[in-house]
Visitor: 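Pasting a structure here, questions to come.
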Amino acid sequence: MAEIKLVVIKEADITNNCPECFNQDLRLSFYQKHSYGKFVHKTTNVVTHKLTCNTCKSDIYPVNWTDDIERIFEYYQKMAIPEKKSVKYTTLFYILLLFIFTLIGVGIYLFISGIIKF
């Protein structure tokens with residue numbers, strides 16, 4: 001099964017008031033979803049965000065955002081540029097592919113030389 005990780009692409013400390021404790025110590029983070037499997041590493045277009053207060057350690061959801069927080073969020077969202085969607089194959093994939101091609105080549109050679117008959 002593929003392991004899914006959220007990779008940080010942008011983090012920013014912002015000084016807006018927390019809606020919970022009214023302190024000015026917030027952290028805005030943007031994450032991109034990556035999937036790691038045995039044969040392939042996929043980078044997706046899925047970008048998520050999280051706003052947390054460093055003082056009261058609470059997550060601040062968009063329902064509780066003020067207009068100032070929304071403006072700051074839109075600004076940093078433009079700055080958070082994710083990696084392009086891509087698929088990268090692992091070394092194990094290439095070794096397995098080489099092994100399969102070798103088996104097919106040996107089978108064809110044995111069939112042509114007459115050692116194996118169908």
Visitor: With a 3.5 Å cut-off and sequence neighbours excluded, list the donor-acceptor pairs that the side chains of residues 70-79 form with protein atoms.
Guide:
residue: Arg71; atom: NH2; partner: Asp68; partner atom: OD1; Å: 2.4

Visitor: Who pairs with Thr15 by side chain to side chain contact (heavy atoms under 4.5 Å, CB included), at least two apart in sequence or on another chain?
Guide: none
Visitor: Apart from Tyr94 itself, what residues make up its hydrophobic cluster, given side-chain heavy atom links below 4.5 Å?
Guide: Phe39, Val40, Val87, Tyr89, Leu92, Phe93, Leu96, Leu97, Ile100, Phe101, Ile104, Ile108, Ile112
Visitor: So, do Leu51 and Trp65 sit near enough that their side-chain heavy atoms are less than 4.5 Å apart?
Guide: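 The answer is yes, as the side chains (C-beta and beyond) meet within the 4.5 Å cut-off.
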Visitor: Apply the hydrophobic cluster definition, ILVMFWY joined by side-chain contacts under 4.5 Å directly or through others, and give me every member besides Leu103.
Guide: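 Leu103 shares its hydrophobic cluster with Phe99.
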Visitor: To the nearest 0.5 Å, what is the distance between CZ (Phe22) and SG (Cys53)?
Guide: 11.0 Å
Visitor: First locate atom SG of Cys18, then atom CG of Asp25, and finally report the distance between them rounded to the nearest 0.5 Å.
Guide: 9.5 Å
Visitor: Roughly how far, to the nearest 0.5 Å, is the CG atom of Leu28 from the CD atom of Glu11?
Guide: 9.0 Å
Visitor: Taking atom CD of Glu83 and atom NE2 of His34, what is their separation to the nearest 0.5 Å?
Guide: 4.5 Å
Visitor: Does one hydrophobic cluster hold both Ile14 and Ile60, with members joined at side-chain heavy-atom distances below 4.5 Å?
Guide: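 Looking at the clustering, Ile60 is in the same group as Ile14.
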Visitor: For Tyr31 and Ile9, which heavy atoms make the closest approach, and how far apart are they?
Guide: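 Looking at all heavy atoms of both residues, the shortest contact is N-CG1, 4.3 Å.
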Visitor: Of all residues at least two apart in sequence or in a different chain, which pass the side chain to side chain contact (heavy atoms under 4.5 Å, CB included) check with Thr52?
Guide: Arg27, Lys50, Asn54, Asp59
Visitor: From Leu26 CG over to Ile69 CD1, what is the distance, rounded to the nearest 0.5 angstrom?
Guide: 6.0 Å
Visitor: List the atom of Gly37, the atom of Thr90, and the distance in Å for their closest heavy-atom pair.
Guide: O-CG2, 4.2 Å
Visitor: To the nearest 0.5 Å, tell me how far Ser58 OG sits from Glu20 CD.
Guide: 4.5 Å
Visitor: Identify, with sequence neighbours excluded, every residue that meets side chain to side chain donor-acceptor pair (under 3.5 Å) alongside Thr55.
Guide: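 Side chain to side chain donor-acceptor pair (under 3.5 Å) list for Thr55, sorted by chain: Asn23.
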Visitor: Which heavy atom of Lys33 sits nearest a heavy atom of Thr44, and at what distance?
Guide: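 The pair with the smallest heavy-atom distance is O-OG1, 2.8 Å.
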